[in-house]
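Data first, discussion second: the structure below is written as C-alpha cells.
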Amino acid sequence: MTKYIFCTGGVVSSVGKGVTAAAIGRILKARGLKVAIQKLDPYLNVDPGTMSPYQHGEVFVTADGAETDLDLGHYERFIDEHLNRTCNVTAGRVYMNVLEKERRGDYLGGTIQVIPHITNEIKRCIVLVAKETNADVVIVEVGGTVGDIESQPFLEAIRQMRQGIGRNDALFIHVTYLPHIGATGELKTKPTQHSVRELRSMGIQPQVIVARSDHEVEKELCDKIALFCDVDQEAVIPLVTTDLLYGVPLLLEDAGLGNYLVEALGLPRRKPELGDWRAMTARMRALTENGHAPVRIGIVGKYVELHDAYMSVKEALYHAASAQNRRLEIEWLYSGDLEKDRGWDVLESVDGIVVPGGFGYRGIEGKILAARFARERKVPYLGLCLGMQTMCIEFARDVLGYEDANSSEFETNSEHTVIDLMHEQRAVTELGGTMRLGVYPCRLVAGSKAGSAYGNADCVEERHRHRFEFNNVYRNAFADAGMLFSGISPDGHLVEIAEVQDHPFMVGSQFHPEFLSRPNAPHPLFSKLVEAALEHGKTR
Ligand code: GLN
C-alpha cells in the first residue's frame, strides 16, 4: 500500500517547495523506504521542453527521455533515484490526455468537465507514479501557490484522493513563508493563516506546516501557527533559509519531521541513516568558511543572467569541487560578450571552463571563441552537448582550416557542416518531445581521458537532449588532426564524446553528464574537469 504526501505552497512562490519535497524524500529514504516524487505543474504547456529557459529555467531530462521541470533534478539529487516520465505532469498534459480521449469518442457522448474528467485524469496520473515506481511513499508537489486559479483542479484532485485513500495513508504538507517586518523586527504569521484558510476553502486541512523564513523562528511563533492553523505543535516545522541546499534534509529531520511523518502514516519506525549525509554536509559547510582556497570555473553560456537555466551544471560543479575539498567559485560569462571583446579578463582568471548546452545562434560565436581560448591556452574545458559541438566547430575552423565550419543548426550554406542534423530528425516537424531524448549507451575508448575518467569502463549510459550530431564525414580529418572520439554509440554511428589530444583536459560530450551527478557521487567528467582545473590553477 503506497502512502502519499501532498505538498502545497502558500503565501509566495519561490520559497523552495521543490527542495523541501526533495529533502522530505531523503529523510524518508534514510529510513529504508522507497520514495518517488512527482511534480504537478499547473501551466498549460504540455511539458517545459519547448519553453524558454528565461521562463522556466533548466529542462531536466529523465532516463526515459521526458523533458521535465528542474525540480525533478533536485528530487533525483536528494533521493538518488532515477525518476521517470510519470513524475512530472502539467495541466497541458492532463488536458491533452482528456481531449485525445474525447476526440476518440471514449466518453460516449458525455459532457467533458473539469470535475470530474480533468480531476480524474490528474488522479490517474498520480496513481501511475506509484504503479510505475513501486514506491512505499509518493511525494506529490503541487506547483504554484494556493489561491492561483490554475491550480484549483489539482487541489480538488488531491483532496479527492486523500478522501479516497483515507487519513492514515495520505497527508498534506503546506509550505509557507513568514515575512519579516524590518521596522519592528518581527516575523509575521498572518499570511500563513490566510493561506491555510484559502486551502481549507478548497476542503484541504494541512497536517504539517513548513514555515520558511529568512530569520530564526521562535518556538512561540510555531505554537501560534499551530493554534491558528489547527495543526499539532510538533507539526509546525520552521525552515530558516540556508546557504547549504543539502543541509535541508537535516534541518527537517532535526526538527522532528521524519518521525512525525512516519508516525502519522503508520510507516515502520526506523532510525534514519543520515550519518554519511551529515558528514557530507559538514564537509561542504566547512568549505564555505573564509580562507578555503577556491576552484574557479567559468560557465560560458547564453542564459547566464538566470542561473536556474544551468541548475544541474551548477550543482554538478559544486559536487565535484566539494568532493575535492574545494570551494567552488563560478564566474558566469555571457558568450555574446566575448564576441564584443568584453569579459576576456574574467576568462583569463578562471581555472577551468564549461560551455553548457543550448539552442539557437545567439552567442554561438562567443562560445567558439571560448573554446579557442581553452584549446590554445590549455585551459581545462568541458563541453556539454552544444559545448561539445562548439568545441568541434572551433577545431574545424582553426586546426583543420575550414574557415566556414559550422553546425547546420546555425548555417545551412556552410561547406563544412561539421555538426549536422541527425538523420532520424530530418522528418521531424513538431518541436515538442521530438529530440533524441533520454538514456543511450556509449562505448568508451580505452586509454582516453574520458575512458579513464569513467574508471576504464567499457560502456556507460548517459542522458541526451539534442537534434544535431557530429558529422561523420569529417571523422577521419578530425582524428588525423588530433581529435580523439573517445565515446561512440555501440553501433559506431554517433560521436558521443570528443577530446583534444594535445591538451590537459578538453573534453566534450554530446550527452548531459550533469543530470547524473549527485552530491555524494560527483560525475566523473566533472571530477576530472575540477582536477585538471586545480592543476591548471597551480601553473598560473
Ligand atoms: N542545439 C544543439 C542540438 O540540438 C545542442 C542541444 C543541447 O545543448 N542540449 O543538437
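Owing to the predicted nature of the structure, the values given are computational and were not obtained by experimental measurement. Numbers here simply count residues along the sequence, with the first being 1. Indexing begins at 1, ligand by ligand and atom by atom, following the structure's order.
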Which protein heavy atom lies closest to atom 7 (C) of ligand 1, and at what distance to 0.1 Å? C385 SG, 3.0 Å

Which atoms form the tightest heavy-atom contact between N97 and E121, and what is the distance? ND2-OE2, 2.8 Å

Give the residue, atom name and distance (to 0.1 Å) of the protein heavy atom nearest atom 9 (N) of ligand 1. R465 O, 2.8 Å

State whether a side-chain donor-acceptor pair under 3.5 Å links H56 with D308. no

Protein contact to atom 1 (N) of ligand 1 [nearest heavy atom, distance to 0.1 Å]: E409 OE1, 2.7 Å

Please identify each residue that fulfils side chain to side chain contact (heavy atoms under 4.5 Å, CB included) with D47, with sequence neighbours left out. E67

Evaluate side-chain contact (heavy atoms from CB on, under 4.5 Å) for N406 paired with Q389, printing each intermediate quantity in order. CA-CA 9 Å; N406 218 323; Q389 298 175 355; over 6 Å; no

Numbered atoms and elements of ligand 1 in range of G357, under 4.0 angstrom, heavy atoms: 8 (O)

Report yes or no: do D404 and H416 form a side-chain donor-acceptor pair below 3.5 Å? yes

Among protein heavy atoms, which sits nearest to atom 5 (C) of ligand 1, and what does the distance come to when rounded to 0.1 Å? G358 O, 3.4 Å

For atom 10 (O) of ligand 1, which protein heavy atom lies nearest, and how many Å away is it? F468 N, 2.9 Å

By the definition side-chain hydrogen bond (donor to acceptor under 3.5 Å, both in side chains), identify the one residue from R77, H512, E514, H523 that meets it with S312. R77

Look at atom 4 (O) of ligand 1 and say which protein heavy atom is nearest, naming residue and atom and giving the distance to 0.1 Å. R467 N, 3.0 Å

Heavy atoms only, cut-off 4.0 Å: how does M435 contact ligand 1, side chain, backbone, both, or neither? neither

Going by the rule side chain to side chain contact (heavy atoms under 4.5 Å, CB included), which residues pair with A457 if we only count those two or more places apart in sequence or in a different chain? L444, Y454, V460

M422 near ligand 1, heavy-atom distance under 4.0 Å? no

N/O of Q510 under 3.5 Å from N/O of ligand 1, yes or no? no

Tell me which part of H512 gets within contact of ligand 1: side chain, backbone, both or neither, using heavy atoms under 4.0 Å. side chain

D41 versus G143, closest heavy-atom pair with distance: OD1-CA, 4.4 Å

